[in-house]
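These notes concern the structure reproduced below.
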Amino acid sequence: MATAHLLHPSSLLPTSKSKSPSPHHHHLRRPHPAITCTTTPPITSPPLPPFPPPLPAAKFSAKYVPFTSISTATPTSESYSLDEVIYRSSDGGLLDVHHDMDALRQFDGRYWRTLFDSRIGTTRWPYGSGVWSKKEWVLPEIDAADIVSAFEGNSNLFWAERFGKKFLQMNDLWVKHCGISHTGSFKDLGMTVLVSQVNRLRKMNRPLVGVGCASTGDTSAALSAYCAAAGIPSIVFLPANKISMAQLVQPIANGAFVLSIDTDFDGCMRLIRQITTELPIYLANSLNSLRLEGQKTAAIEILQQFDWEVPDWVIVPGGNLGNIYAFYKGFKMCQELGLVDRIPRLVCAQARNANPLYRYYRSGWKEFTPMKAETTFASAIQIGDPVSIDRAVYALQKSNGIVEEATEEELMDAMALADSTGMFVCPHTGVALSALIKLRGSGTIRPTDRTVVVSTAHGLKFTQAKVDYHSGRIPEMECRHGNRPVSVKAEFGSVMDELKKFLSEKR
Ligand SMILES: Cc1ncc(COP(=O)(O)O)c(C=O)c1O
Ligand SMILES: N[C@@H](CCOP(=O)(O)O)C(=O)O
């Protein structure tokens, strides 16, 4: 087993660091201070004091512990090696990956910030990945050679200038485009970790014949791509006729064994949980806490993109509810290890047609009742019995968080408005944007609050929803921001007439 080894980053220290970034600095992927330092005249930028060298004995490790030992801060002797195939604690509860924080604390926050910053843009395996650039905090003990990565992460933090100013009187609104990635969703962040660990286990001759998941379309796409890259069989359970065509074709093209099952996502989830206890198929859903170790790096990345300044709010669409906890965990680790001094308030946004967390929140966290999720345009979060409900509640309580919901019309309108300002977001991001619109409306989020909306999938996976909206074909929906194409005869006069009409309306 390889000992995680830190490279000393002092040689890469920036000679200056912008401390008060205007939003413009973040609009496009800007050159990082660690890169720009070579062109900064030394005369204007006094060098920072040298770093202490890394402790020679630094060895980082992580293990599974019962999630309740984290959420109730109860010490436990129950723990498992990450090399075990296990998804549940002895009492049937969730597990969590627990890092040796004392080992990580041997280095201060400034050390970690500089180390992570120094890896941006590198081609050095595997640190060019936004996930593996934080390897010591993710899977510290895996050999670089076992990692299966598409250099995921490092996604754009987009300054939503026009959307913010035009519709919300906000100047500090950002969209973290986690969906602009290898398979078009944030699932890549978790899947690189999970499939890398499976790759390692198979090299250790563990009898794993493949990796399986239930999916609303994004987990299956990520799983099949990463497995195909590693030559590992993948098996995906999909609810028949409930995912988009673009999502369906992804595992098919990547050679997964695709089962289209006549049930909903929750039904598929129940089945894959049963199957993975019977057959040596490794479970790839976020019930498996390894996934969240990769997903949490998106939170660290947001801080990094703001030069380690903490935003006020982060809004995340929620379905199976692993991701909201992953964001919390990423922010919390940064606080605990001294990279930042606070964490943002989290908002989890659900579609009204699949809103078990919202109902639970509205009951004052008194009663959780799983529901049968109804059809929603935000089809990837059509989930009524989320496996990570306890994780989500914990994340929200610990971050002074809020849960919001969006109707079909609200989410589709919000998506269309965002698109009209140059984005091309998915309906789930529409749910998160609707939550933002409501929280701005109620004054909970103030005009000057720095707010990040997490965009979870690429809009191109959901073109049918957009086509239906813009052609005004959705029953009982006004589609008030629809933009219908105009059919016109192929002759000069007709084209001129249409253009004149259009231009006079513009005036
Ligand atoms: C595009 C998209 N957005 C949001 C979510 C919600 O994430 P989570 O299940 O971790 O709550 C999912 C999957 O569930 C998804 O595929
Ligand atoms: N939206 C997900 C649903 C399953 O979530 P997971 O994070 O538990 O895998 C999907 O795309 O399948």
Side-chain angles (χ1 to χ4, degrees), residues 87 94 176-181 183-191 193-194 211-225 236-239 242-244 246-248 250-251 256 264-269 272-273 283-292 294-296 298 315-329 346-351 354-358 373 376-389 391-393 395-396 403 406 411 415 425-433 435 453-462 465:
Y87 320 113
L94 294 163
K176 176 67 173 163
H177 278 297
C178 293
I180 302 181
S181 74
T183 71
S185 88
F186 71 96
K187 306 285 179 178
D188 292 347
L189 303 174
M191 211 51 83
V193 176
L194 185 133
V211 193
C213 72
S215 185
T216 52
D218 291 323
T219 298
S220 43
L223 176 65
S224 52
V236 305
F237 289 11
L238 302 176
K242 290 189 172 64
I243 71 171
S244 76
Q247 289 173 311
L248 175 61
Q250 289 184 283
D264 55 12
F265 170 79
D266 297 297
C268 289
M269 190 71 222
I272 193 77
R273 283 171 71 169
L283 179 66
N285 285 101
S286 59
L287 177 66
N288 186 327
S289 47
L290 273 183
R291 278 262 313 279
L292 306 182
Q295 289 171 214
K296 80 182 179 197
I315 307 177
V316 186
N320 222 9
L321 299 180
N323 211 27
I324 185 79
Y325 176 68
F327 270 91
Y328 168 76
K329 190 170 183 184
L346 297 180
V347 178
C348 190
Q350 294 209 294
N355 64 354
L357 178 74
Y358 178 76
T376 167
F377 280 105
S379 53
I381 54 176
Q382 190 184 329
I383 297 174
D385 191 6
V387 299
S388 285
I389 183 73
R391 291 175 174 143
V393 173
L396 290 159
V403 186
L411 74 91
M415 176 178 78
V425 297
C426 69
H428 321 83
T429 308
V431 173
L433 290 167
V453 171
V454 176
S455 177
T456 46
H458 203 297
L460 284 171
K461 287 194 182 199
F462 300 94

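In each ligand, atom 1 is the first atom listed, and ligand 1 is the first ligand listed.
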Among S286, A378, S388, which one has a heavy atom closest to atom 6 (P) of ligand 2?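 When every heavy atom of S286, A378, S388 is considered, S286 comes closest to atom 6 (P) of ligand 2.
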Can a donor-acceptor pair be found, under 3.5 Å and without considering hydrogens, that links the side chain of [X] to the backbone of [Y]?
X    : Y    : answer
R291 : L194 : no
D385 : D266 : no
Y325 : S388 : no
Q350 : Y358 : yes

Non-hydrogen side-chain atoms of [X] and [Y] separated by less than 4.5 Å:
X    : Y    : result
M269 : N320 : yes
M191 : T219 : yes
T456 : I381 : no
L357 : P386 : no

Does [X] have a non-hydrogen atom less than 4.0 Å from ligand 2?
X    : result
A380 : yes
G322 : no
Q247 : no

*Under 4.0 Å, heavy atoms only, figure out whether ligand 2 is touched by the backbone of M269, its side chain, both or neither.*
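Looking at M269 and ligand 2, no heavy atom falls under 4.0 Å.
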inquiry  = Below a 4.0 angstrom heavy-atom separation, can you tell me which part of D218, side chain or backbone, both or neither, approaches ligand 2?
reply    =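 The answer is both, backbone and side chain.
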Salt bridge (charged side-chain N to carboxylate O under 4.0 Å, His left out) with D218: which residues, sequence neighbours excluded?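 Counting only residues at least two positions away or on another chain, D218 forms a salt bridge (charged side-chain N to carboxylate O under 4.0 Å, His left out) with K461.
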Candidate list S220, C268, C213, S215, test side chain to side chain contact (heavy atoms under 4.5 Å, CB included), partner F237, passing option
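It is C268, the one option of S220, C268, C213, S215 that forms the side chain to side chain contact (heavy atoms under 4.5 Å, CB included) with F237.
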Heavy-atom nearest neighbour in the protein, as seen from [atom], with distance rounded to 0.1 Å:
atom                    : value
atom 3 (C) of ligand 2  : T216 OG1, 3.4 Å
atom 9 (O) of ligand 2  : T219 OG1, 2.7 Å
atom 12 (O) of ligand 2 : S215 OG, 2.5 Å
atom 5 (O) of ligand 2  : K187 NZ, 3.3 Å

Less than 3.5 Å between some nitrogen or oxygen of R291 and one of ligand 2, yes or no?
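Min N/O separation from ligand 2 is below 3.5 Å for R291.
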Subject >> Worked verdict on T376 versus L411 for side chain to side chain contact (heavy atoms under 4.5 Å, CB included) >> reply: CA-CA 10 Å; T376 167; L411 74 91; 4.0 Å; yes
Practice task
Output the list of atoms in ligand 2 that are nearer than 4.0 Å to some heavy atom of N320, sorted by atom number.
Solution key: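 Here the atoms of ligand 2 in question are 4 (C), 5 (O), 6 (P), 8 (O).
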Counting only heavy atoms and a distance below 4.0 Å, can you name the residues contacting ligand 1?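 Within the 4.0 Å shell of ligand 1, which is judged on heavy atoms, sit F186, K187, D218, P317, G318, G319, N320, L321, G322, N323, A380, I381, H428, T456, A457.
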